[in-house]
Amino acid sequence: MITYKNHDIYEDGLIKTKSKFKDVLSRTSWVAMEEAGITFTLDGVERTMIVGSKWGRVAMHSNLLTIRDDEIIMWKFKDHKWSNVSKNDLYAMHVICNRHIAESAKWEYILNKEIDNANTEEELQEIADKATFTQTIKYAITNGEVHES
């Protein structure tokens, strides 16, 4: 039996166990990553944006398409924190969101390859013990432009 984030994974045979592990890994890790959000600085102030919210991504895209280039709007971040953002800021947040999702997908892909290459339940448990997504790239938005910090 393999334990990953309080989920007990057991199937009859290693191949089925690997498949179940990938399933649980994907569901639980993406939820955790989405709820944690992306932390970045916006004009020197640390903000956290939730990436898992489809509403949030739709609102961002909608605003990018509809606000004027010189318009400033209020944007809600995690923990009920608000900030004025420009169209350029929104575009930069969109870029960060896409980069973060790509980083997360790469992380999951690498773990799936490790699971594929595992030959024992012990090896699978070692993978499970280290499989926690952490944001590794730090971003900053200054004057509407994205920088890695």
Side-chain angles (χ1 to χ4, degrees), residues 2-9 17-119 121-149:
I2 298 159
T3 302
Y4 175 67
K5 293 192 177 200
N6 299 322
H7 293 272
D8 291 333
I9 303 165
T17 301
K18 287 180 178 185
S19 178
K20 178 77 172 195
F21 182 21
K22 288 179 185 179
D23 222 25
V24 170
L25 172 77
S26 182
R27 279 185 279 123
T28 57
S29 294
W30 275 87
V31 166
M33 181 269 301
E34 291 170 351
E35 288 175 357
I38 308 166
T39 301
F40 60 94
T41 60
L42 175 60
D43 294 324
V45 178
E46 186 171 275
R47 299 290 182 202
T48 301
M49 177 173 56
I50 303 300
V51 297
S53 162
K54 289 180 184 173
W55 175 89
R57 290 195 306 265
V58 167
M60 186 182 304
H61 296 290
S62 175
N63 278 294
L64 278 170
L65 293 171
T66 59
I67 68 173
R68 295 180 315 274
D69 289 345
D70 62 344
E71 192 172 353
I72 302 294
I73 62 171
M74 291 298 296
W75 195 261
K76 183 178 178 182
F77 294 93
K78 187 175 179 179
D79 299 325
H80 309 289
K81 295 183 179 174
W82 294 83
S83 184
N84 289 324
V85 296
S86 67
K87 187 170 187 171
N88 287 340
D89 293 334
L90 276 176
Y91 180 76
M93 290 162 46
H94 172 72
V95 168
I96 289 171
C97 183
N98 285 343
R99 288 181 186 175
H100 184 73
I101 290 171
E103 181 186 11
S104 303
K106 180 180 176 183
W107 169 83
E108 186 176 343
Y109 173 80
I110 290 168
L111 283 177
N112 273 259
K113 290 297 178 191
E114 289 180 20
I115 292 168
D116 289 340
N117 293 329
N119 294 312
E121 281 193 17
E122 290 78 18
E123 290 174 323
L124 291 175
Q125 187 59 59
E126 287 176 17
I127 295 166
D129 291 343
K130 70 173 185 176
T132 301
F133 180 81
T134 303
Q135 180 181 344
T136 58
I137 301 172
K138 300 298 179 193
Y139 300 101
I141 300 172
T142 307
N143 298 323
E145 293 187 20
V146 177
H147 306 277
E148 289 185 19
S149 56

At what distance, to the nearest 0.5 angstrom, does [atom1] of [X] lie from [atom2] of [Y]?
{"X": "Glu123", "Y": "Asn119", "atom1": "CD", "atom2": "CG", "answer": "5.0 Å"}
{"X": "Ile2", "Y": "Leu124", "atom1": "CD1", "atom2": "CG", "answer": "4.0 Å"}
{"X": "Leu25", "Y": "His7", "atom1": "CG", "atom2": "NE2", "answer": "10.5 Å"}
{"X": "Met49", "Y": "His94", "atom1": "CE", "atom2": "NE2", "answer": "10.0 Å"}
{"X": "Ile9", "Y": "Lys18", "atom1": "CD1", "atom2": "NZ", "answer": "13.5 Å"}

Tell me if a side-chain donor or acceptor on [X] pairs with a main-chain N or O of [Y] at a distance below 3.5 Å.
{"X": "Asp89", "Y": "Ser86", "result": "yes"}
{"X": "Glu145", "Y": "Ala92", "result": "no"}
{"X": "Tyr4", "Y": "Ala131", "result": "yes"}
{"X": "Lys78", "Y": "Ile50", "result": "no"}
{"X": "Ser26", "Y": "Lys22", "result": "no"}

Where do Leu111 and Lys130 land on the side-chain contact (heavy atoms from CB on, under 4.5 Å) test, with the steps shown first? CA-CA 10 Å; Leu111 283 177; Lys130 70 173 185 176; 4.2 Å; yes
For a 4.5 angstrom cut-off between non-hydrogen side-chain atoms, does [X] reach [Y]?
{"X": "Arg99", "Y": "Glu148", "answer": "yes"}
{"X": "Val95", "Y": "Ile141", "answer": "no"}
{"X": "Leu90", "Y": "Ile73", "answer": "yes"}
{"X": "Asp116", "Y": "Lys113", "answer": "yes"}

Test ring pair (Phe, Tyr, Trp, His ring centres under 6.0 Å) applied to Tyr91 - qualifying residues, sequence neighbours left out: none
Within a reach of under 6.0 Å around NZ of Lys138, are more than 12 heavy atoms found that belong to other residues, nucleotides or ligands? yes
Atom pairs and distances, donor-acceptor, side-chain atoms in residues 39-47, under 3.5 Å, two or more places apart:
unit_1 : atom_1 : unit_2 : atom_2 : d
Thr39  : OG1    : Thr48  : OG1    : 3.2
Asp43  : OD1    : Asn143 : N      : 3.3
Arg47  : NH2    : Trp82  : O      : 3.4

Taking every non-hydrogen atom, the tightest pair across Glu103 and Ile137: OE2-N, 3.7 Å
Kindly list each side-chain donor-acceptor pair under 3.5 angstrom involving residues 58-70, sequence neighbours excluded, with atom names and distances?
unit_1 : atom_1 : unit_2 : atom_2 : d
Asn63  : ND2    : Ala59  : O      : 2.9
Thr66  : OG1    : Ser62  : O      : 2.8
Asp69  : OD1    : Lys87  : NZ     : 3.4

